[in-house]
Amino acid sequence: MTHPTDTYELTVTREFIAQHFLTVPDPGPEGEVNSHHFTVELRFAGPELGEYGYLVDIDAVERILDDLEARYRDTLLNDLPEFEGLNPSIEHFARLFGDRVAAALEDPTPTRLTVRIWEDDVSWASHTRRLDTDGHDE
């Protein structure tokens, strides 16, 4: 039995290298194409576990991450359609990455997803969203 304030969390991480350049005025060295060794953390949270005692099936999350790693690995983020008209900051990247994770989840048990993306050993950004029962943003 769960208590109304109980929350389960599960985090799955993935690493890959991708490139970008910032498109803001006076971006400094980040205005040139540069590579980052990104670490993506997907943190799922919710008050209940599913039928088999999982918050979310780790294998299903790994398959989603396989697809997203294939999309972003060794690419120039600026060239991807989801970044059109956006400065490819890690803040935008965290939200856009989460859009794709939320769309790929089937009937999730978790009610929240936080995507944290590290661009190096000291800098990260995150985006948190609520998940509905269809696996899409509310």
Side-chain angles (χ1 to χ4, degrees):
M1 172 163 253
T2 61
H3 188 274
T5 60
D6 286 355
T7 299
Y8 294 96
E9 290 186 337
L10 175 81
T11 299
V12 182
T13 63
R14 182 66 59 96
E15 296 180 12
F16 57 89
I17 294 173
Q19 296 76 41
H20 75 156
F21 61 90
L22 300 183
T23 59
V24 296
D26 302 317
E30 288 280 323
E32 301 295 323
V33 173
N34 61 91
S35 293
H36 289 284
H37 185 144
F38 291 105
T39 300
V40 176
E41 297 178 5
L42 301 181
R43 178 173 294 176
F44 299 92
E48 298 179 7
L49 300 179
E51 178 182 6
Y52 301 110
Y54 302 143
L55 179 63
V56 63
D57 183 339
I58 292 173
D59 290 336
V61 174
E62 290 285 349
R63 287 190 294 275
I64 292 168
L65 284 170
D66 289 345
D67 291 344
L68 291 174
E69 179 184 354
R71 177 173 186 78
Y72 295 117
R73 183 186 58 241
D74 298 325
T75 64
L76 179 61
L77 299 178
N78 302 63
D79 289 344
L80 296 173
E82 58 263 40
F83 284 97
E84 185 174 340
L86 294 177
N87 181 40
S89 64
I90 56 173
E91 293 89 345
H92 280 138
F93 195 14
R95 180 182 53 81
L96 295 168
F97 203 98
D99 289 348
R100 292 184 175 272
V101 172
L105 284 174
E106 295 180 13
D107 193 26
T109 303
T111 56
R112 297 188 70 71
L113 167 64
T114 298
V115 176
R116 179 181 293 178
I117 300 183
W118 293 81
E119 72 173 14
D120 56 33
D121 291 339
V122 298
S123 302
W124 60 266
S126 68
H127 182 267
T128 301
R129 71 185 65 228
R130 293 180 55 84
L131 296 172
D132 68 19
T133 57
D134 297 324
H136 302 287
D137 293 326
E138 283 187 338

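Both Val56 and Val12 are part of a single hydrophobic cluster, where members link through side-chain heavy atoms under 4.5 Å apart. By the criterion of side-chain heavy atoms lying less than 4.5 angstrom apart, applied directly or through intervening Ile, Leu, Val, Met, Phe, Trp or Tyr residues, Phe93 is not grouped with Ile17; the two fall into different hydrophobic clusters. Note: the hydrophobic cluster containing Val101 also contains Tyr8 (ILVMFWY, side chain heavy atoms under 4.5 Å, direct or indirect links). Residues Ile90 and Leu86 are members of one and the same hydrophobic cluster, defined by side-chain heavy-atom contacts under 4.5 angstrom among Ile, Leu, Val, Met, Phe, Trp and Tyr. Trp124 and Phe97 sit in two unconnected hydrophobic clusters of ILVMFWY residues. Membership requires side-chain heavy atoms under 4.5 Å apart, directly or through other members.
A heavy-atom distance below 4.5 Å is not found between the side chains of Pro29 and Asn34. Put simply, the side chain of Gln19 does not reach to within 4.5 Å of the side chain of Asn78, judged on heavy atoms.
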> Checking side-chain contact (heavy atoms from CB on, under 4.5 Å) for the pair Val40/Val115: CA distance, chi angles, key distance, verdict?
Replying inline: CA-CA 7 Å; Val40 176; Val115 176; 4.2 Å; yes
>> Checking Thr13 against Arg116 for the side-chain contact (heavy atoms from CB on, under 4.5 Å) test, could you report, in this order, the C-alpha distance in whole Å, the side-chain angles of both residues, the deciding distance, and whether it holds?
In response: CA-CA 9 Å; Thr13 63; Arg116 179 181 293 178; over 6 Å; no
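Atom-to-atom distance recorded for Tyr54:OH and Leu10:CG is 11.0 Å, nearest 0.5 angstrom. Residue Leu131 holds its CG atom at 8.5 Å from CZ of Arg112, rounded to the nearest 0.5 Å. From Leu80, atom CG reaches atom OG1 of Thr75 across 4.5 Å, with rounding to the nearest 0.5 Å. Between atom OG1 of residue Thr114 and atom CZ of residue Phe44 there is a gap of 10.0 Å, rounded to the nearest 0.5 Å. With values rounded to the nearest 0.5 angstrom, His37 atom NE2 is found 12.5 Å from Glu119 atom CD. The line from CG of Asp132 to CG of Leu105 is 10.5 Å long, rounded to the nearest 0.5 Å.
Hydrophobic cluster membership of Phe21, counting Ile, Leu, Val, Met, Phe, Trp and Tyr whose side-chain heavy atoms lie under 4.5 Å apart directly or via other members: Val33, Leu76.
A side-chain donor-acceptor contact under 3.5 Å links His92 to the backbone of Asn87.
Between Ala18 and Leu77, the closest heavy-atom pair is CB-CD2, 4.3 Å. When all heavy atoms are compared, the tightest approach of Ala94 to Ala125 is CB-O, 4.1 Å. Thr7 and Ala45 get closest at one heavy-atom pair: CG2-CB, 4.0 Å. A pairwise comparison of heavy atoms in Gly46 and Leu55 identifies N-CD1, 3.8 Å as the closest pair.
Two rings, from Phe38 and Tyr72, have their centers 6.0 Å or more apart.
Salt bridge present: Asp99 and Arg95 bring a charged side-chain N and a carboxylate O closer than 4.0 Å.
Under 3.5 Å, the side chains of Trp118 and Glu41 contain a donor-acceptor pair of N or O atoms. With hydrogens and angles left out, the side-chain atoms of Glu30 and His20 include a donor and acceptor closer than 3.5 Å.
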